[in-house]
There are 2 protein chains.
Amino acid sequence: MTQIDTKTRLLDAAECLFSQQGFAGTSMREITTVAKANLAAANYHFGCKEDLLSAVLERRLLPLNQARNARIEQVLTEAAEANMRPKTEDLLRAFIEPAMAFCNAGHNSNAFVAIIGRSLTAADPAVRDRFLDLVRPLLTTLHQALCLALPQLPRELVLTRLFFTIGALGHCLCFSSITPLCEPNSSDTHKHRETLTQDLITFVTSGLESPC
Amino acid sequence: MTQIDTKTRLLDAAECLFSQQGFAGTSMREITTVAKANLAAANYHFGCKEDLLSAVLERRLLPLNQARNARIEQVLTEAAEANMRPKTEDLLRAFIEPAMAFCNAGHNSNAFVAIIGRSLTAADPAVRDRFLDLVRPLLTTLHQALCLALPQLPRELVLTRLFFTIGALGHCLCFSSITPLCEPNSSDTHKHRETLTQDLITFVTSGLESPC
DNA sequence: GTCTATAGATAGATAGAC
DNA sequence: GTCTATCTATCTATAGAC
């Protein structure tokens with residue numbers, strides 16, 4: 001059993017509690033209690049509550065979005081090499097699969113996906129803005145790529161449909177944490193999640209490719 | 001200028017602030033200040049903060065869901081009379097249109113739709129549970145109706161796709177309040193919202209009707 | 001880097017006058 | 001039904017010892 005340093009324990013606790021109670025609904029004291037750390041230590045490491053939120057978001061979202069970005073670029077490259085247009089489904093899979101797969105990753109990131117799922121439309125502007133800054137480049141990239149895949153559609157319509165896609169994905173991410181789709185200790189949770197991911201990709205691909 | 005009673009002013013203020021700051025992020029004092037009422041008056045009328053939330057939800061959601069339910073029943077009746085299956089698009093329109101149209105209704109219900117959009121996946125269990133109790137019957141009705149429209153699909157898949165639909169709708173409802181899709185004082189806000197509504201219906205209809 | 005102690009503000013709720 | 005006043009608890013953040 002390796003020792004985990006205080007800063008990491010604080011991030012873990014904050015991530016877990018923010019996902020279960022929201023940002024405004026969680027106090028620094030709750031976080032430090034769960035982390036078995038001191039209130040002053042939290043402020044020493046992160047300055048204030050809002051900067052702790054930023055740290056929680058950045059820790060997971062930067063690598064996740066880097067992975068999504070790489071997969072989108074890969075789809076674009078392979079399509080270009082074959083002199084084909086990229087496929088809508090491949091692009092959407094590159095965007096969705098890493099996020100959904102995050103639930104199965106080791107860390108308590110099952111909690112984190114709920115934060116992702118809610119952040120874009122969070123009531124608290126602090127949450128929304130700090131999150132949006134971290135995803136805007138990826139969304140711009142994805143939008144442009146989808147326009148290549150769907151040249152017959154107006155760019156604005158592609159953007160609108162991308163927002164619908166994000167809504168459906170976000171909802172999924174929240175629910176897979178709030179209401180486990182099967183028993184938490186069920187052995188086929190992993191399999192169930194893969195099915196859900198494919199169902200979602202099928203759904204949004206049809207929606208995006210719908211005639212104008 | 002008609003006098004508005006204290007109870008209504010409190011509901012209006014709470015609705016507005018909850019939609020902008022969330023439930024946990026809004027204090028009773030803020031609400032009473034905006035409502036130009038006294039803190040004690042709020043507790044006299046509603047008992048506690050959570051019951052105020054319930055009152056805010058029920059005031060708009062009960063009539064809205066009644067309207068949606070009536071429209072779903074109408075689609076089913078007309079289909080039955082013609083010995084046809086109901087159309088997926090008609091059912092989805094019956095569910096979505098009243099909610100999106102709510103933005104244009106007189107009251108400050110432009111704020112309320114954001115509450116609806118977020119509630120189902122809200123971090124705060126109090127918000128989620130109180131909301132879910134108010135929409136569960138409608139969702140059950142809609143699910144059954146959609147299964148009639150899509151007999152070739154497994155019922156579980158229809159339910160999964162209905163959740164995606166709710167996610168996309170919720171996202172729309174939040175965004176039409178957070179980030180006005182055009183300038184707030186623009187004369188064609190209303191028209192823009194109608195376009196968005198139709199775009200959403202097209203999107204989710206394609207998604208739901210996608211082959212298995 | 002982590003602690004104790006506490007400042008200073010604000011929270012939800014209630015008692016009791018009117 | 002609405003008010004003033006206040007209780008009690010909790011909050012974020014910081015000062016200063018170690």
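Residue numbers begin at 1 in each chain, while the letters A, B, ... track the order of the sequences. The structure presented is a predicted model; accordingly, all values stated were derived computationally and were not measured.
Rounding to whole angstrom units, CD of residue B:Gln21 and P of C:dT10 are separated by 14 Å. One can place NZ of B:Lys7 at 10 Å from P of D:dT2, the figure rounded to the nearest angstrom. At whole-Å resolution of the value, CD in B:Glu30 and C1' in C:dT10 are 11 Å apart. Rounded to whole Å, atom P of C:dT6 lies 18 Å from atom CG of A:Asn43. Atom-to-atom, CG of A:Leu39 to C1' of D:dT10 comes out at 12 Å; the value is rounded to the nearest Å. Between B:Arg29 atom CZ and C:dA11 atom P the separation is 6 Å, expressed in whole Å. The nearest whole Å value for the distance from the CZ atom in B:Phe23 to the C1' atom in C:dG12 is 10 Å. Atom CG of A:Leu10 is separated from atom P of C:dG1 by 13 Å (rounded to the nearest Å).
If you check C:dT4, C:dA13, C:dA15 against the side chain of A:Ala40, the one that comes closest is C:dT4. Among the nucleotides D:dT4, C:dC3, D:dT2, the one closest to any side-chain atom of B:Asn38 is D:dT4.
The shortest heavy-atom contact between B:Ser210 and A:Thr202 is OG-CG2, 3.4 Å. Residue B:Pro86 comes nearest to B:Ala149 through the heavy atom pair O-CB, 3.2 Å, listed as atom of the first residue, atom of the second, then distance. Contact detail for B:Asn69 and B:Leu138: the closest heavy-atom pair is OD1-CD1, 3.5 Å.
For C:dT2, the OP1/OP2 oxygens have a side-chain nitrogen or oxygen of A:Thr6 closer than 4.0 Å. OP1 or OP2 of C:dA11 sits under 4.0 Å from a side-chain N or O of B:Ser27. Phosphate contact (OP1/OP2 of D:dG1, side-chain N/O of B:Tyr44, threshold under 4.0 Å): present.
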Check your understanding: Where do B:Phe203 and B:Thr165 land on the side chain to side chain contact (heavy atoms under 4.5 Å, CB included) test, with the steps shown first?
Key -> CA-CA 9 Å; B:Phe203 182 90; B:Thr165 300; over 6 Å; no

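Using a 4.0 Å heavy-atom cutoff across all strands shown, B:Thr32 reaches no nucleic acid atom at all.
Listed by first residue number, the stems of DNA chain D with at least three Watson-Crick or G-U pairs below 3.5 Å are C:1-18 with D:1-18.
Between A:Arg130 and A:Glu50, at least one side-chain N (NZ, or NE/NH1/NH2) sits under 4.0 Å from a carboxylate O, which counts as a salt bridge. Note on A:Arg59 versus A:Asp12: salt bridge recorded, some NZ/NE/NH1/NH2 to OD/OE distance being below 4.0 Å.
For the pair B:Phe131 and B:Arg118, the minimum side-chain heavy-atom distance is 4.5 Å or more.
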